[in-house]
Every structure is written in C-alpha cells, then in structure tokens.
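Ligands are counted one by one from 1 in listed order, and the atoms in each one are counted from 1 as well. The structure presented is a predicted model; accordingly, all values stated were derived computationally and were not measured.
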Amino acid sequence: MDRAVQETDYDAFSCKVSAIAKHYLPRQVSGKEKEEGEFVQLHMAYAQGLKSVSRRAYSKVDRAVQSAQPVMNYGTYLRSVAIDEAIACFLKEHVKSGAEAPVQVVNLGCGSDLRMTQMLSQVPHLKWLDLDFKESVALKSRILENNPLFQRELGPSESVETAGYLTNRYCLTSCDLNDIAQVAEILKKFTTQDCPTLVLSECVLCYMKSAESKALINCIESFYKMGTWISYDPIGGDDSADKFGKIMQTNLRESRHLEMPTLMVYNSPEKYAQRFNTAPHSTSIVTMWQYYVQSVPDEEKMRLKTLQFLDEIEELEIILSHYILAEASWR
Ligand code: SAM
C-alpha cells in the first residue's frame with residue numbers, strides 16, 4: 001500500500017508536465033515572464049533528472065503525460081494556481097518588506113513538488129521543510145543533487161544522510177506522516193514553534209486513515225503557535241445520487257490497489273472543514289469549480305479555452321466540484 005501511495009506522486013508530476021506541455025501552466029501574468037520561464041525550466045530539468053535516476057518512474061510519467069485529457073489539464077492548472085495564490089497570500093500577510101522576521105513552510109507529502117525552489121529565491125527569510133516517505137525523498141534528493149540548476153537555486157546540500165537535502169533554509173527529509181512521534185521529532189529539529197507557519201498538504205490527507213490524519217492535524221496545530229493549513233483533496237460527495245466518490249474508490253482499488261479511506265467520510269466541503277480544529281470560524285473551503293467560476297479572470301478563462309478542445313463542460317463541472325481547497329488558520 002505504501003508503495004502504491006508513493007507512486008501517486010508520478011501522477012501528480014506527470015499532470016504538471018502535461019499541463020506545461022499544453023501551455024496551461026504556468027499561469028500567464030504580465031510582468032512575471034522571467035518566473036514563468038524558470039518554472040518551465042525547473043520542471044523540465046526535474047523530468048530529465050528523473051529519466052537518469054529511474055527509467056521506470058520516468059516511463060510511468062511519460063505514459064501518463066501522453067494520455068492526459070483536457071479536463072485533467074484544467075484540474076492541474078486550477079490546483080496549482082489556487083495553491084500558489086493561497087501561499088502568496090500567506091506570505092504577503094507575514095513577510096513585511098524590509099523586515100527580517102522568518103516564516104516557514106512545511107510541505108507534507110511533498111513528492112516531486114518544486115515550489116520550494118522559486119519561493120526560496122523570492123522570499124529571503126523563508127525556510128522550507130519538505131517531507132515524504134524515505135523512497136520518495138531518496139529519489140527527489142538525487143535529482144536535486146545531480147542538477148546544477150537546482151544546486152544553484154537551493155545551494156549545495158550539507159546533508160550527511162544519503163537520502164535528503166539540507167541547506168540553512170531548505171530541508172528535504174524522510175518522514176512517515178502516520179508516525180506521530182517521528183513527525184513531532186522532525187518538526188522540533190527542523191522548524192521553529194513560534195514562527196508563522198504554512199502547512200501544505202496537496203493530495204496527501206486523502207491517502208491517510210481517519211485516525212492517523214486526525215492525529216497529524218492535532219500534532220501540528222498544537223505544535224505551532226500560529227499557522228495556516230492549506231489542503232487540497234478530492235471529496236466523495238454527500239448526495240445519495242452522487243456516485244463520484246464510490247466510483248473513484250472502486251477504480252483506484254481495482255487498478256492500483258489504492259485506498260482513499262476518508263473520501264466518503266469528509267465527503268462535502270462542510271465535512272472536510274471539520275478535519276481542522278479551527279472549523280468553522282477560521283476555515284474557508286472552495287471547490288475547484290467555485291474557484292474556476294469566481295477567481296479565474298476572464299482573460300485566463302479565454303486563454304485556457306484556446307489550448308485544447310473541451311466539449312464536456314458539464315463533466316468538468318462535476319469533476320471540479322469534487323476537489324476542494326481548504327484553508328484553516330489558528331493562533
Ligand atoms: N504533494 C505533492 C504534489 O501535489 O505534487 C505530491 C502528491 S502525491 C499525490 C502524494 C504524496 O504524499 C506522495 O509523494 C506520497 O509518498 C506522500 N504521502 C502519502 N502518505 C504519506 C505518509 N504517510 N508519509 C509520508 N508521505 C506520504
């Protein structure tokens with residue numbers, strides 16, 4: 001099961017590569033052309049790195065990129081842009097220009113996510129902790145270490161462990177999120193309790209059992225004095241006529257031996273909010289469909305429409321209505 005869960009990272013990465021190849025990502029913002037170019041370069045460098053360290057993983061990614069449908073590319077665009085915006089909003093609130101007060105990000109189940117690279121170079125007092133299973137960390141750290149582009153952006157690793165990456169601002173280390181004692185020890189070792197902290201879980205809580213994910217949330221919310229948790233996940237749907245979650249569970253079980261134990265537990269935005277101890281007062285949730293309708297500017301919507309032919313807008317609405325972005329804050 002752990003291996004099947006680890007391999008979901010190849011899906012996440014291939015979705016990003018596909019969205020880049022079809023020009024959904026990066027989002028077009030005037031004046032940000034340099035960052036957009038770097039975003040593409042970093043992902044292409046990582047894909048090449050993956051090819052040289054694991055042919056097997058690379059061919060999985062490559063196959064998935066070939067078969068990506070327009071609805072998936074829309075989903076990846078929205079997921080990526082909505083999370084980036086939420087992170088930018090947190091940083092805007094906590095990083096005052098000229099101030100030297102540190103902020104930190106803890107990325108749970110980081111997989112191949114490369115956000116840390118650009119964020120660390122843009123925000124001087126930011127520290128970033130990436131956590132994932134041992135095997136995923138070993139793969140990611142080899143790719144980062146082998147490539148001069150990542151070396152230049154992150155600085156050379158001082159890690160004495162074979163698997164991991166460590167600089168004075170970036171730490172990639174292995175951690176089983178189901179093991180709360182290990183999580184607590186790592187947070188204590190690599191992060192600061194009273195520093196504004198953003199916790200990111202992007203398609204991670206959905207693979208954990210209910211008790212374990214609850215313990216993880218309790219541990220983190222009680223450890224940091226002040227924090228914001230950004231979580232992106234699928235939800236099963238709470239309408240009795242809604243078959244989305246059940247079909248997704250069956251498909252994942254049959255094709256991948258993969259479980260999403262809480263898909264039908266936290267199956268609506270309201271129920272998902274209850275994962276966090278801050279709910280309901282400081283938790284906001286949007287479905288990706290709401291985000292698309294309300295927050296994507298018209299010119300971006302027009303640009304997306306020109307990229308690939310999408311005939312099934314109803315299908316897009318159904319899919320996007322079953323993915324949420326939650327933001328829970330505590331202090
Ligand atoms: N967050 C990344 C992204 O969105 O690009 C990766 C998402 S991938 C779907 C899920 C990731 O969570 C995988 O890398 C997997 O190894 C990690 N993960 C899931 N459960 C975990 C656990 N108990 N401990 C550590 N990592 C875990």
* Report the part of Ser201 (side chain from C-beta onward, or backbone N, CA, C, O) that has a heavy atom under 4.0 Å from ligand 1; answer both or neither where that applies. => neither

* Do Glu38 and Lys32 meet the salt-bridge criterion of a basic N to acidic O distance under 4.0 Å? -> no

* At what distance is the nearest protein heavy atom to atom 25 (C) of ligand 1, and which residue and atom is it? -> Cys175 O, 3.2 Å

* **Step-by-step side chain to side chain donor-acceptor pair (under 3.5 Å) determination, Ser201 to Trp229** => CA-CA 8 Å; Ser201 54; Trp229 194 308; 2.9 Å; yes

* Passes side chain to side chain donor-acceptor pair (under 3.5 Å), Ser231 versus Tyr272? Steps please. -> CA-CA 10 Å; Ser231 191; Tyr272 195 94; 2.8 Å; yes

* To do: Please identify which atoms of ligand 1 are closer than 4.0 Å to at least one heavy atom of Asn178.
  => 23 (N)

* **Heavy-atom nearest neighbour in the protein, as seen from atom 14 (O) of ligand 1, with distance rounded to 0.1 Å** => Asp132 OD2, 2.6 Å

* **Value rounded to 0.5 Å, distance of OH in Tyr165 from OG in Ser141** => 9.5 Å

* Is there at least one pair of N or O atoms, one from Tyr207 and one from ligand 1, spaced under 3.5 Å apart? -> no

* To do: For residues Phe13 and Tyr46, establish whether the separation of their ring centroids is below 6.0 Å.
  => yes

* To do: Identify, for atom 19 (C) of ligand 1, the protein heavy atom at the shortest distance, and state residue, atom and that distance.
  => Val5 CG1, 3.3 Å

* **Shortest protein heavy-atom distance from atom 27 (C) of ligand 1, along with the residue and atom involved** => Phe133 CE1, 3.4 Å

* To do: Answer yes when Glu300 and Arg303 have at least one side-chain N-carboxylate O distance shorter than 4.0 Å, and no when they do not.
  => yes

* **Contacting atoms of ligand 1, where contact means under 4.0 angstrom from a heavy atom of Ser136** => 16 (O)

Show the atom names and distances, to 0.1 Å, of all donor-acceptor pairs under 3.5 Å that link a side chain in residues 126-134 to residues at least two apart or in another chain.
{"unit_1": "Trp128", "atom_1": "NE1", "unit_2": "Asp130", "atom_2": "OD1", "d": "2.8"}
{"unit_1": "Asp130", "atom_1": "OD1", "unit_2": "Asn107", "atom_2": "ND2", "d": "3.3"}
{"unit_1": "Asp130", "atom_1": "OD2", "unit_2": "Lys140", "atom_2": "NZ", "d": "2.9"}
{"unit_1": "Asp130", "atom_1": "OD2", "unit_2": "Tyr170", "atom_2": "OH", "d": "2.7"}
{"unit_1": "Asp132", "atom_1": "OD1", "unit_2": "Ser136", "atom_2": "OG", "d": "3.2"}
{"unit_1": "Asp132", "atom_1": "OD2", "unit_2": "Cys110", "atom_2": "N", "d": "3.4"}
{"unit_1": "Asp132", "atom_1": "OD2", "unit_2": "Gly111", "atom_2": "N", "d": "2.8"}

* To do: Could you tell me the residue and atom name of the protein heavy atom closest to atom 7 (C) of ligand 1, and the distance to it rounded to 0.1 Å?
  => Glu202 O, 3.5 Å

* **Contacting atoms of ligand 1, where contact means under 4.0 angstrom from a heavy atom of Lys16** => 5 (O)

* Output the list of atoms in ligand 1 that are nearer than 4.0 Å to some heavy atom of Val204, sorted by atom number. => 12 (O)

* Could you tell me whether Ser112 approaches ligand 1 through its side chain, its backbone, both or neither, with non-hydrogen atoms closer than 4.0 Å? => neither

* Which ligand 1 atoms, with their elements, are less than 4.0 angstrom from a heavy-atom of Asp9? -> 6 (C), 8 (S), 14 (O)

* **Exercise: do Ser112 and Tyr10 side chains pair donor with acceptor under 3.5 Å** => no

* Asked: Heavy-atom contacts under 4.0 Å between Arg79 and ligand 1: side chain, backbone, both, or neither?
  -> side chain

* Please state which protein non-hydrogen atom is closest to atom 11 (C) of ligand 1 and give its distance, to 0.1 Å? -> Gly109 O, 3.5 Å

* Structure fact -> protein heavy-atom neighbour closest to atom 23 (N) of ligand 1 works out as Asp176 OD1, 3.1 Å

* Are any of the N or O atoms of Leu177 closer than 3.5 Å to those of ligand 1? -> yes

* **For Gln6, atoms of ligand 1 separated by under 4.0 Å from a heavy atom** => 16 (O)

* Structure fact -> The atoms of ligand 1 lying under 4.0 Å from a heavy atom of Gly111, numbered in the order shown, are 14 (O)

* To do: Tell me, with the steps shown, if Tyr74 and Met288 meet side chain to side chain contact (heavy atoms under 4.5 Å, CB included).
  => CA-CA 10 Å; Tyr74 262 81; Met288 285 296 104; over 6 Å; no

* Asked: Is Glu7 salt-bridged to Arg3, cutoff N-O under 4.0 Å?
  -> yes

* Backbone or side-chain N or O of Thr8 under 3.5 Å from ligand 1 N or O -> no

* To do: For the residue pair Ser18 and Asn73, confirm or rule out a side-chain donor-acceptor distance under 3.5 Å.
  => yes

Run the side-chain donor-acceptor check on residues 234-244: report pairs under 3.5 Å with partners two or more places apart or on a different chain.
{"unit_1": "Asp239", "atom_1": "OD1", "unit_2": "Ala241", "atom_2": "N", "d": "2.9"}
{"unit_1": "Asp242", "atom_1": "OD1", "unit_2": "Phe244", "atom_2": "N", "d": "2.9"}
{"unit_1": "Asp242", "atom_1": "OD1", "unit_2": "His322", "atom_2": "NE2", "d": "3.2"}
{"unit_1": "Asp242", "atom_1": "OD2", "unit_2": "His322", "atom_2": "NE2", "d": "2.6"}
{"unit_1": "Lys243", "atom_1": "NZ", "unit_2": "Ser240", "atom_2": "O", "d": "3.2"}

